[in-house]
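Scope of the values below: all heavy atoms of this structure, side chains included, with no hydrogens, waters or symmetry mates.
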Amino acid sequence: MPHLSLFSPVGELTIIEEDDALVALEWGRAPGGTETKLLKETKKQLDAYFTRKLKSFKLPLALKGSQFQNAVWDRMNRIPYGETVTYGMVARELESGPRAVGMACGTNPIPIIVPCHRILGSNGLGGYSGGTGLDTKRHLLRLEGSDYLL
């Protein structure tokens, strides 16, 4: 699969494409790589996001998960830049439980772009499986000027 690695303020990232859609964003550097039109555009949008010039990604995504995971990821994509919701709020909307929402967040294949960092626990940050964990989540929330951290 075509992929491209890049440097970012939250560490090295690798973006992966399949069938003209973005399928993954992973922490770390992958050997080799291919600069497709989509991967170059994704890098451009990520660079703009990290310099606060982009608040909403416009990329073709192919999220592969269960019906419930896809419902959670869709809800994540509707959380505005700089805003947060709780696992419990999303769980009530989807008639589920907060832990199930947290598990779906943890399996998000395209973090940052699908903003799982915008979902918090009722008593704090909750968890974050990307980068350096909660430090990365805090960094992304600060970058967006989230009221949660003010």
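With Thr14 contributing its side chain and Gly28 its backbone, the two residues share a donor-acceptor pair below 3.5 Å. Under the 3.5 Å distance criterion, the side-chain polar atoms of Thr51 are matched with a main-chain donor or acceptor of Asp47. Here the side chain of Trp73 pairs no donor or acceptor atom with the backbone of Pro115 at under 3.5 angstrom. Asn70 places a side-chain N or O within 3.5 Å of a backbone atom of Ser66 that can act as its donor or acceptor partner. Side chain of Thr34 to main chain of Thr36: no donor-acceptor pair is present (N/O by atom type, distance under 3.5 Å, no hydrogens or angles). Here the side chain of Thr132 pairs no donor or acceptor atom with the backbone of Asp135 at under 3.5 angstrom.
Glu12 and Ser5 share no side-chain donor-acceptor pair at under 3.5 Å. A donor-acceptor pair shorter than 3.5 Å cannot be found between the side chains of His3 and Glu26.
Glu35 CD to Lys37 NZ: the interatomic distance, rounded to the nearest 0.5 Å, is 14.5 Å. For the atom pair CG of Asn77 and CG of Asn108, the computed distance is 8.5 Å after rounding to the nearest 0.5 Å. To the nearest 0.5 Å, atom CD1 of residue Ile15 and atom NZ of residue Lys40 are 11.5 Å apart.
Phe68 and Ile119 end up in the same hydrophobic cluster when Ile, Leu, Val, Met, Phe, Trp and Tyr side chains are linked at under 4.5 Å. Both Ile79 and Leu120 are assigned to one and the same hydrophobic cluster, defined by single-linkage of ILVMFWY side chains at heavy-atom distances under 4.5 Å. Both Leu4 and Ile112 belong to a common hydrophobic cluster when Ile, Leu, Val, Met, Phe, Trp and Tyr are linked at side-chain heavy-atom distances under 4.5 angstrom. Hydrophobic clustering (ILVMFWY, side-chain heavy atoms < 4.5 Å, transitive): Val72 and Leu61 are in one cluster. Cluster annotation: Met76 is connected to Leu54 through the hydrophobic network of ILVMFWY side chains, with a link wherever side-chain heavy atoms come within less than 4.5 Å.
Heavy atoms only, all atoms of each residue included: Cys105 and Tyr87 are closest at SG-CE2, 3.9 Å. The minimum heavy-atom distance between Leu59 and Ile113, with the atom names listed, is CD1-CD1, 4.0 Å. A pairwise comparison of heavy atoms in Ala21 and Ala62 identifies CB-CB, 3.8 Å as the closest pair. Taking every heavy atom of both residues into account, Gly97 and Ala91 meet most closely at C-CB, 3.4 Å. Nearest heavy-atom pair, Phe50 versus Leu143, reported as atom, atom and distance to 0.1 Å: O-CD1, 3.4 Å. Between Leu134 and Gly126, the shortest heavy-atom contact is CD2-O, 3.2 Å.
Val114 places none of its side-chain heavy atoms less than 4.5 Å from the side chain of Phe57. Side-chain contact between Pro109 and Leu63 is present, with heavy atoms from C-beta onward closer than 4.5 Å. Side-chain contact between Leu25 and Leu46: present, with at least one pair of heavy atoms (C-beta onward) separated by less than 4.5 Å. Taking the side chain as every heavy atom from C-beta outward, Leu38 and Asp20 never approach each other to under 4.5 Å. Side-chain contact check for Leu22 versus Leu39: some heavy-atom pair is nearer than 4.5 Å.
Crowding of Met89 atom CE: a count of heavy atoms from other residues, nucleotides or ligands under 6.0 Å exceeding 12. Other residues, nucleotides and ligands contribute more than 12 heavy atoms inside 6.0 Å of the CZ atom of Arg78.
Using a 30° and 60° split on the angle between ring planes, His117 and Tyr128 fall in the perpendicular class, above 60°.
Among the candidates Arg138, Arg52, Arg118, Lys137, the single residue satisfying the salt bridge (charged side-chain N to carboxylate O under 4.0 Å, His left out) test with Glu144 is Arg118.
Under the 4.0 Å criterion applied to side-chain N and carboxylate O atoms, Glu18 and Lys64 are assigned as salt-bridge partners.
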